[in-house]
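Notes for the one structure printed next.
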Amino acid sequence: EPEVTQTPSHQVTQMGQEVILRCVPISNHLYFYWYRQILGQKVEFLVSFYNNEISEKSEIFDDQFSVERPDGSNFTLKIRSTKLEDSAMYFCASGSGMNQPQHFGDGTRLSIL
Amino acid sequence: RKEVEQDPGPFNVPEGATVAFNCTYSNSASQSFFWYRQDCRKEPKLLMSVYSSGNEDGRFTAQLNRASQYISLLIRDSKLSDSATYLCVVNMGNTDKLIFGTGTRLQVFP
């Protein structure tokens, strides 16, 4: 069964540093997403991406965040200058269409020191 | 009112029991509904979509009541492997983002 893959599984970074989280969505999907989950809290939407542009973003997704699809397979989330409160599990997801189920990768645990 | 509200549990049930979870959502324009399961520190995994007519997948039955803005999940003949957190998830329809509930924790014991 096709799956979404994410790397790295765990990233430890000093506050103020830049991080790039990587995702390979399911190959025939066209809609891509990033979510995050702070420990003990619910999963929260960050951004959706379709047709090479952001289709929606949440209040969390401020100027420090950016997404890119640099080639036909990868989908990345960059945090420019990390803060302590960015520590969370970051999940990439992909879907085949609007209102269709989204399939999640196994996440990147980001720890900011 | 929270966008998606669930009883956090935990629900502790013996193997073989039937257990039901409920969920309410606030936005009447919501169009798509799902149940996901999440094991500890793992990703959400799609359990099933929820359709207006109700739907069943093996031991799992989902129901949707649009008038009451209420979704349910019934698990029959619980297995130890059903122990997880069950997430009620709603898509608002005019947007592509998923709104997650906080989840209901299920613990099945022998």
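Chain A is the first sequence line, chain B the second, and so forth, proteins listed ahead of strands; every chain is numbered from 1. From a predicted model like this one, the values you see are computed outputs, not experimental measurements.
- Applying the 6.0 Å contact sphere to CZ of B:Arg105 captures no more than 12 heavy atoms from other residues, nucleotides or ligands.
- Chain A forms the most heavy-atom pairs under 4.5 Å with one residue out of B:Leu87, B:Thr95, B:Thr102, B:Val4, and that residue is B:Thr95.
- Of the atoms belonging to B:Lys97, heavy atoms from both backbone and side chain fall under 4.5 Å from chain A.
- Residue contact with chain B, scored on non-hydrogen atoms closer than 4.5 Å, involves the side chain of A:Glu56 exclusively.
- The closest side-chain heavy-atom distance from A:Gln102 to B:Leu98 is below 4.5 Å.
- No more than 12 heavy atoms of other residues, nucleotides or ligands sit less than 6.0 Å from atom CZ of B:Arg41.
- With chain B as partner, the option from A:Pro101, A:Ser58, A:Gly107 having the largest number of non-hydrogen pairs under 4.5 angstrom is A:Pro101.
- For B:Asn91, the part lying near chain A is the side chain, with the backbone staying farther off; criterion is any non-hydrogen pair under 4.5 Å.
- Using a 4.5 Å cut-off on side-chain heavy atoms (C-beta onward), A:Gln6 and B:Glu43 make no contact.
- Separation of the B:Tyr36 and A:Phe104 ring centroids falls under the 6.0 Å cut-off.
- Residue A:Asp62 places its CG atom among more than 12 non-hydrogen atoms of other residues, nucleotides or ligands, all under 6.0 Å distant.
- Using modelled atom types, one finds no donor on one side chain facing an acceptor on the other under 3.5 Å when comparing B:Asp96 with A:Tyr50.
- In this structure, no portion of A:Leu46 lies under 4.5 Å from any heavy atom of chain B.
- Using a 4.5 Å cut-off between heavy atoms, A:Gln100 contacts chain B through its backbone alone, with no side-chain atom that close.
- Only the side chain of A:Met89 comes within less than 4.5 Å of a heavy atom in chain B; its backbone stays farther off.
- For B:Ser49, the part sitting under 4.5 Å from any heavy atom of chain A is the side chain, from C-beta outward, and nothing else.
- Atom OH of B:Tyr51 sits in a sparse spot, with 12 or fewer heavy atoms from other residues, nucleotides or ligands closer than 6.0 Å.
- The neighbour count for A:Glu59 CD, taken as heavy atoms of other residues, nucleotides or ligands under 6.0 Å away, does not exceed 12.
- Side-chain polar atoms of A:Gln37 and B:Gln38 form a donor-acceptor pair below 3.5 angstrom.
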